[in-house]
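As structure tokens, the structure follows; a few thoughts come after it.
Because the structure is a prediction, the values reported are computed rather than measured.
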Amino acid sequence: MGEGGAEKASSAWTIESGGVALYVRLTPKGGRDAVEGVETLADGRSVLKARVRAAPENGRANTALIALIASTLRTPKSAVSIRAGATSRVKTVFVAGAPALYLDALGKLAPTNG
């Protein structure tokens with residue numbers, strides 16, 4: 001079976017060929033740029049909680065999210081793209097590259113109690 005809390009956290013991202021897909025709940029105009037860990041939505045899906053200072057107009061919040069994810073995972077912004085949910089709060093973000101490079105950083109964002 002699973003490994004306790006790690007299973008819950010890992011459902012906020014999926015390893016794919018060529019990278020990692022992240023499931024993110026974005027709060028625009030959130031006062032600061034930060035990834036605040038993993039949360040479970042009302043429908044049971046796990047997502048990374050992210051907030052950015054940018055407003056959700058003209059793609060500014062999405063651009064800020066790409067920069068935030070790139071900074072958090074220490075990868076170039078060109079490796080990060082929004083795959084689905086560009087106009088929604090819940091988005092699928094794809095990070096291209098070797099997944100092993102990102103798993104350590106993602107693991108640090110996940111809650112350790114559970």
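- Atom CH2 of residue Trp13 and atom CG of residue Leu22 lie 8.5 Å apart, to the nearest 0.5 angstrom.
- Counting only residues at least two apart or on different chains, the salt bridge (Lys or Arg N to Asp or Glu O under 4.0 Å) pairs with a member in residues 15-29 are Glu16-Arg83.
- Residues satisfying the side-chain hydrogen bond (donor to acceptor under 3.5 Å, both in side chains) test with Asp104, not counting sequence neighbours, are none.
- Put simply, the residue from Leu106, Val93, Leu101 that forms a side chain to side chain contact (heavy atoms under 4.5 Å, CB included) with Val20 is Leu106.
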For residues 65-79, which side-chain donor-acceptor pairs fall under 3.5 Å, sequence neighbours excluded?
from  : atom 1 : to     : atom 2 : distance (Å)
Thr72 : OG1    : Leu68  : O      : 2.8
Thr75 : OG1    : Tyr102 : OH     : 3.2

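- In plain terms, the two heavy atoms of Ala55 and Pro28 that are nearest each other are C-CB, 4.5 Å.
- Applying the salt bridge (Lys or Arg N to Asp or Glu O under 4.0 Å) rule to pairs touching residues 50-67 yields Asp33-Arg53, Glu36-Arg51, Glu57-Arg60, sequence neighbours excluded.
- Between the CG atom in Asn62 and the CD1 atom in Ile82 there is a gap of 3.5 Å [rounded to 0.5 Å].
- When Thr27, Thr63, Leu26 are each tested for a side chain to side chain contact (heavy atoms under 4.5 Å, CB included) with Val52, only one passes: Leu26.
- The stretch residues 88-103 participates, sequence neighbours left out, in no salt bridge (Lys or Arg N to Asp or Glu O under 4.0 Å) pair at all.
- Taking Ile, Leu, Val, Met, Phe, Trp and Tyr as hydrophobic and joining them when side-chain heavy atoms fall under 4.5 Å apart, one finds Tyr23 in a cluster with Leu41, Val47, Val90.
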